[in-house]
Trainee: 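Please find one structure pasted underneath; my questions will follow.
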Amino acid sequence: MKSEYDAWYAENGEYRQKVASDERRLAFHLMPKTGWMNDPNGLCQYHGVYHIYYQYTPFEPTGELKLWGHYTTKDFVHYQDDGPVLFPDEEIDAHGVYSGSAFIEEDTMHFFYTGNLKYFDRDDYDYINSGRGSNTISFTSKNGHDFTEKQLLMTTDDYPEDMSNHVRDPKIFKKDDTYYMVLGARDHKSKGMVLLYQSKDLASWTYANRITTEEPFGYMWECPDVFELDGQYILTCCPQGVPKDGIDYENVHQAVSMKLDYDFETNDYQLKDMHLLDRGFDFYAQQTFEDEQGRRILIGWMGIPDADYTNPTVEAGWQHALTIPRELCLENGKLIQKPMEELKQLRQDKSQKAFSKECGAAFDHVVYEAEIDFEYCQNMELSMRKGITLSYQDGILTLDLGAFGAGRTTRSVKVTELEHLQIFADTTSVEIFVNHGEEVFTSRMYQLEGELKLAGSCAGTMTVYTLDSFIIEDKEK
Ligand code: FRU
């Protein structure tokens, strides 16, 4: 498979050129060199180096056979692009090396992922309860580049009997001297949940419990993650099949966090404080890890599966990207996402303006970071690009992509008091951190004409920086 890829790579210089010259490509977000990118995988920091693997289909922009691509960085500005490093090249993962994670223990990187299988030998498979295989597989590494042989840990037959074929996306955490694995799952009754396994050696795993809401919350929970912040366990996952409820759950699939109170002696638990991790159009499959400074970092896929729109970049041969890295904190019991400190290195020219009522400052920057500190805000309308606005009215904050969302228009969130906005605008994406990260909007947008101005019944200070691009060294060249 690696050799097939290498042959394909050698023949596709023109394809790479086409993507490289697309004006919609992103300046400070990781995106595929060609083709399709989805979930971040195997996030970790090892000997100072951050490793960012990701779901990758280099061959076409529509995401068919999944490989793992690999970026590394030490500072979140300079990156190394290794291209694909994990291939669906064995019987246990023949139809895709699906999402997974890394866990560092005793100076070894332990990787876990799902080997996807799809059977075509019968025509009565529904591909929910039959026709699919989801193997849990592991391998290790001492450097993030050279991997040991793949070890099959569990097959579809090993999961609880009432599970459908949809069980995937292993993520590990450790509590005292026990390792735990969470897996996203759908049962025979189409209830979404997380399966919890435990192990003493990271090799042999036994089923411990299932974690889910009392009432069904969607039919499948993808990409679960369990981690501790200030002594509180948090579960994040991606439920599918949750009905829209006013301005909540408007996307086809969700990305949520919940507080998890778990008794590891009795396996009793309680889930509470369900919160949508993002209010924009393009956020999914987030994964977290703890770095060597003890920060809990989250990176998400800046895209969503099964979305009912055509991304304009498809015609340029690529699709999707990863979000900027964010640091997670618990503040006053709320899960907060803050852009990582390292992103400040991208700041270039700075302009600052105090405003009352109308903000005279009008910029035509396209790639920028804007910080708005409100003394008060009754209502406002912020133009972020020509024809793309963020407005605050009657306690509701609304992103409106207008004619530039490829058919997608508005997303909203309730905000009792608007105090602060921090906006990262890339060529074709925007990430808006509301009130220091209490709410976030992540979205692609397709308008390259800049216009940044603010009007309304509000006063405060607006600071704008132009932003530099990432510097990426292509190791495949
Ligand atoms: C989430 C997801 C995962 C799966 C992967 C396949 O976007 O569907 O559940 O492992 O993508 O690419």
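Remember, it's 1-based here, ligands and their atoms both numbered in the order they're listed.
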Trainee: For atom 1 (C) of ligand 1, what's the nearest protein heavy-atom neighbour? Residue, atom name and distance, please.
Mentor: D39 OD2, 3.0 Å

Trainee: Is the shortest side-chain N to carboxylate O distance from K2 to D6 below 4.0 Å?
Mentor: yes

Trainee: Considering only non-hydrogen protein atoms, determine which one is nearest to atom 8 (O) of ligand 1 and report residue, atom name and distance to 0.1 Å.
Mentor: E222 OE2, 2.8 Å

Trainee: Less than 6.0 angstrom from the centroid, inside 45 degrees of the normal: does R16 satisfy that with respect to the ring of Y9?
Mentor: yes

Trainee: Answer yes or no: does an N/O atom from Q55 fall short of 3.5 Å to an N/O atom of ligand 1?
Mentor: yes

Trainee: Nearest 0.5 angstrom please: D278 CG to H275 NE2, how far?
Mentor: 9.5 Å

Trainee: Is it true that E331 and K338 make a salt bridge, defined as a side-chain N closer than 4.0 Å to a carboxylate O?
Mentor: yes

Trainee: From the options D169, T156, T155, L117, select the one residue that forms a side-chain contact (heavy atoms from CB on, under 4.5 Å) with S134.
Mentor: T156

Trainee: May I ask you to list the atoms of ligand 1 that are less than 4.0 angstrom from any heavy atom of S99?
Mentor: 5 (C), 10 (O)

Trainee: Is N38 touching ligand 1 with its side chain, its backbone, both, or neither, if touching means heavy atoms under 4.0 Å apart?
Mentor: side chain

Trainee: Which of the atoms of ligand 1 are close to Y98, meaning less than 4.0 Å from one of its heavy atoms?
Mentor: 4 (C), 6 (C), 10 (O)

Trainee: Against the six-membered ring of Y127, is K118 placed for a cation-pi contact (under 6.0 Å from the centre, within 45° of the normal)?
Mentor: yes

Trainee: Could you tell me whether a side-chain N or O of T427 sits under 3.5 Å from a main-chain N or O of R25, the two making a donor and an acceptor?
Mentor: yes

Trainee: Take a 6.0 Å sphere around NZ of K174 and say whether it holds more than 12 heavy atoms from other residues, nucleotides or ligands.
Mentor: yes

Trainee: What residue and heavy atom of the protein are closest to atom 4 (C) of ligand 1, and at what distance?
Mentor: D169 OD1, 3.5 Å

Trainee: Hey, is ligand 1 close enough to W301 that some N/O pair sits below 3.5 Å?
Mentor: no

Trainee: For ligand 1, which atoms have a heavy atom of Y284 less than 4.0 angstrom away?
Mentor: 1 (C), 7 (O)

Trainee: Check whether any N or O atom of K66, backbone or side chain, sits under 3.5 Å from an N or O atom of ligand 1, and answer yes or no.
Mentor: yes

Trainee: Any non-hydrogen atom of T114 lying under 4.0 Å from ligand 1?
Mentor: no

